Q: 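Could you have a look at this structure, given as structure tokens, before my questions?
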Amino acid sequence: MAATAGQVGGRSGLDVRSVTVSFGPTTAVDDVSVTLQPGRVLAVLGPSGCGKSTLLRAVAGLEELAGGSIHFDGEDLAGVPTHRRGFAMMFQDGQLFPHLDVAGNIGYPLSLKGIRGSARDEEVARLLALVDLQGYAVRRPGTLSGGEQQRVALARALAARPRLLLLDEPLSALDRSLRERLAADVRTALTVTHATAILVTHDHDEAFAVADDLAIMRAGRLIQHGTVLDVFRQPADAQTAQFLGYSTVLAPPEAERLTAYLPVVVRGHSVALRRAALQAAPIADPDYRRGLEGTVDRVSAARDGWHLEVLIEGIGRVPAIAAADVVTRVGDRVTLEVKRSDVVILGEGGQRER
Ligand code: ADP
């Protein structure tokens with residue numbers, strides 16, 4: 001049968017329909033619908049307490065649904081116990097078996113499937129290479145760093161060849177630089193194995209680094225769902241923009257004053273600015289044409305030049321950047337060039353190119 005839209009080789013992946021999960025009076029997951037196609041990685045992103053883990057646990061079969069349904073490859077999972085779903089979970093703390101060495105941990109799901117002897121050894125070696133831990137086979141979990149333990153946990157989760165991998169804040173316990181490196185390695189491991197996975201995280205950088213698709217949650221509800229790029233390019237609202245790392249959101253009157261310097265008309269909409277949306281240059285610049293001006297209120301050095309905060313009359317305090325060779329001090333007047341590609345107009349309609 002030919003694959004049709006939403007299906008790969010007859011597989012349709014995950015289909016969460018209007019799922020609600022309640023704990024007494026608390027509705028942790030509120031009427032959430034989301035789909036995930038085979039071979040793709042979905043990050044569920046939202047602040048702590050928004051219901052991400054509960055949604056993941058519901059998919060795993062660890063929480064009862066108060067409403068809705070969960071299907072996988074067309075099969076309704078109601079009544080299918082966790083261990084029969086063919087899913088694997090990985091947690092923040094890895095939860096390795098302390099009494100087994102690394103090879104024993106990774107090989108455990110293989111043994112459960114009846115894979116033994118040289119077939120098991122070969123598969124363990126392949127998985128060790130996949131997570132870049134060649135030579136670690138006989139180490140005990142207690143002798144590994146946090147990052148190494150998470151690599152082993154990932155290899156063990158992948159060893160089961162789950163049809164869906166559920167990752168609950170797998171990198172949250174690690175420090176930032178390690179997290180960044182490991183996020184890239186997790187992405188590679190998932191891609192190479194064509195895994196279908198859901199990653200729960202409160203860290204947008206981690207979501208961007210690992211996932212193809214993004215589901216934004218807030219207070220139990222799904223706010224936005226799409227590819228990482230689409231959601232990042234066009235956040236649904238101001239809160240989402242801020243959560244995705246936009247530096248500033250301006251309300252309509254200020255937004256209109258700022259966007260007066262762009263070839264776009266904005267009426268009644270907020271705008272979200274990326275860090276690089278405003279490029280500052282000293283007014284003494286010989287190329288200066290009269291435009292948006294402000295007064296430097298703060299200056300700090302950054303990897304890519306200077307990060308400024310600028311006070312603009314009628315708009316307020318906004319972040320700006322300046323090139324590394326530009327000298328500005330607090331109190332200096334600067335001109336600000338607005339970069340269209342780093343300004344997002346929030347909400348639909350009401351805007352047109354000039
Ligand atoms: P997140 O993963 O986004 O941090 P959770 O899914 O853990 O959020 O929690 C969502 C909400 O449900 C929170 O208000 C939390 O206190 C509540 N909650 C989660 N698990 C339970 C539970 N077992 N019993 C009661 N309330 C719970």
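Read the numbers this way: they start at 1 and go in the same order the structure lists the ligands and their atoms. Values in this document were obtained by computation on a predicted structure and should not be read as measured data. Scope of the values below: all heavy atoms of this structure, side chains included, with no hydrogens, waters or symmetry mates.
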Q: Under 4.0 Å between a Lys/Arg side-chain N and an Asp/Glu carboxylate O for Arg140 and Glu148?
A: no

Q: My understanding is that only residues two or more places apart in sequence, or in another chain, count here; which of them pass ring-ring contact (aromatic ring centres under 6.0 Å, His included) with Phe91?
A: none

Q: Please enumerate all residues that pass side chain to side chain contact (heavy atoms under 4.5 Å, CB included) together with Asp212, with sequence neighbours excluded.
A: Arg40, Val41, Arg187

Q: Write 'none' if nothing qualifies; otherwise put on separate lines each N/O atom of ligand 1 with a protein N/O atom under 3.5 Å away and their distance to 0.1 Å.
A:
residue: ligand 1; atom: 2 (O); partner: Ser53; partner atom: N; Å: 2.8
residue: ligand 1; atom: 2 (O); partner: Ser53; partner atom: OG; Å: 2.8
residue: ligand 1; atom: 3 (O); partner: Gly49; partner atom: N; Å: 3.4
residue: ligand 1; atom: 3 (O); partner: Cys50; partner atom: N; Å: 3.1
residue: ligand 1; atom: 3 (O); partner: Gly51; partner atom: N; Å: 3.0
residue: ligand 1; atom: 3 (O); partner: Lys52; partner atom: N; Å: 3.0
residue: ligand 1; atom: 3 (O); partner: Lys52; partner atom: NZ; Å: 2.9
residue: ligand 1; atom: 4 (O); partner: Gly49; partner atom: N; Å: 2.7
residue: ligand 1; atom: 6 (O); partner: Thr54; partner atom: N; Å: 2.9
residue: ligand 1; atom: 6 (O); partner: Thr54; partner atom: OG1; Å: 2.5
residue: ligand 1; atom: 8 (O); partner: Gly51; partner atom: N; Å: 3.2

Q: Can you give me every donor-acceptor pair (side chain of residues 28-36, partner residue at least two apart or in another chain, under 3.5 Å) with its distance?
A:
residue: Asp30; atom: OD2; partner: Arg221; partner atom: NH1; Å: 3.4
residue: Asp31; atom: OD1; partner: Ser18; partner atom: OG; Å: 3.4
residue: Ser33; atom: OG; partner: Ser18; partner atom: N; Å: 2.8

Q: Keeping Arg85 on the side-chain end and Val80 on the backbone end, is there a donor-acceptor pair under 3.5 Å?
A: yes

Q: Give the intermediate values and the outcome of side chain to side chain contact (heavy atoms under 4.5 Å, CB included) for residues Val249 and Leu346.
A: CA-CA 9 Å; Val249 176; Leu346 300 173; 4.0 Å; yes

